[in-house]
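Heads up: the structure comes next, in structure tokens.
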Amino acid sequence: QVKLEESGGGLVQAGGSLTLSCAASGRTFTITYMGWFRQAPGKEREFVAEISWTGGQIYYGDSVKGRFTISRDNAKNTVYLRMNNLKFEDTAVYYCAGQGLGQRWDHWGQGTQVTVSS
């Protein structure tokens with residue numbers, strides 16, 4: 001009932017910047033938070049950032065604080081992730097996620113690849 005679609009991934013050199021987008025459609029009224037997760041080869045899924053649909057609550061994972069910025073455009077039902085000062089260690093598949101009324105991340109996009117060259 002909820003569809004999430006990521007875009008904006010690609011190849012970038014270390015120290016560069018990239019912006020990811022996530023467009024939500026369907027029953028978006030069930031979503032309380034939108035977030036970003038990532039998974040690198042050989043590693044577990046990692047929390048990156050989240051933002052509430054209403055209010056100004058924002059949280060970041062420790063590894064991206066000070067470098068990444070999450071934002072939203074409610075009129076477009078879109079969430080963004082601005083990634084600055086990218087490192088090789090940021091290379092991963094980035095997934096957009098939605099948290100529903102059950103307070104769990106139960107809506108997921110298909111992911112977009114971010115590759116940082118050193």
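Starting from 1, each residue takes its place in the sequence as its number. These values consider heavy atoms only, across backbone and side chains, with no hydrogens, waters or symmetry-generated copies.
With contacts defined as side-chain heavy-atom distances shorter than 4.5 Å, the pair Arg38/Val114 does not qualify. Annotation: side chain of Met34 is not in contact with side chain of Ile70 (no heavy-atom distance under 4.5 Å). Side-chain atoms of Glu6 and Leu20, non-hydrogen and from C-beta on, never get closer than 4.5 Å to each other.
Between Ser118 and Ala14, the shortest heavy-atom distance links the atoms CA-CB, 4.4 Å. The two atoms that bring Thr69 and Tyr60 nearest to each other are CA-OH, 3.3 Å, heavy atoms only. Here the shortest heavy-atom pairing between Gly61 and Phe47 reads N-CE2, 3.6 Å.
Residues satisfying the side chain to side chain contact (heavy atoms under 4.5 Å, CB included) test with Val93, not counting sequence neighbours, are Tyr95, Gln113. Lys65 is linked by a side-chain hydrogen bond (donor to acceptor under 3.5 Å, both in side chains) to Asp62, counting only residues two or more places apart in sequence or in another chain.
Paired with Arg67 under the rule side-chain hydrogen bond (donor to acceptor under 3.5 Å, both in side chains), one option of Asn85, Asp90, Asn84 passes, and it is Asp90. Considering Tyr33, Phe37, Trp36 in turn, Phe37 is the only one that fulfils the ring-ring contact (aromatic ring centres under 6.0 Å, His included) rule with Trp105.
Separating the OG atom in Ser52 from the CD1 atom in Ile58 is a distance of 7.5 Å, to the nearest 0.5 Å. Taking OH of Tyr80 as the start and CD1 of Ile51 as the end, the distance is 11.5 Å to the nearest 0.5 Å. Rounding to the nearest 0.5 Å gives a distance of 9.5 Å between CD of Gln57 and OG1 of Thr32. Between the NE2 atom of His107 and the CZ atom of Arg27 there is a distance of 10.5 Å, given to the nearest 0.5 Å. Between Arg72 atom CZ and Thr78 atom OG1 the span is 12.5 Å, to the nearest 0.5 Å. Between Ile31 atom CD1 and Leu4 atom CG the span is 5.5 Å, to the nearest 0.5 Å.
Other residues, nucleotides and ligands contribute only 12 or fewer heavy atoms inside 6.0 Å of the CD atom of Gln1. The number of heavy-atom neighbours closer than 6.0 Å to CZ of Arg82, taken from other residues, nucleotides and ligands shown, is above 12.
Residues Leu18 and Leu11 fall into different hydrophobic clusters, defined by Ile, Leu, Val, Met, Phe, Trp and Tyr side chains chained together at heavy-atom separations under 4.5 Å.
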What's the verdict on side chain to side chain contact (heavy atoms under 4.5 Å, CB included) for Phe68 and Leu86, showing C-alpha distance, side-chain angles and the deciding distance?
CA-CA 9 Å; Phe68 291 10; Leu86 282 162; 3.9 Å; yes

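Under 3.5 Å, the side chains of Ser63 and Glu46 contain a donor-acceptor pair of N or O atoms.
Between the Thr91 side chain and the Val116 main chain, a donor and an acceptor come within less than 3.5 Å of each other.
The stretch residues 16-118 participates, sequence neighbours left out, in these disulfide (SG to SG under 2.5 Å) pairs: Cys22-Cys96.
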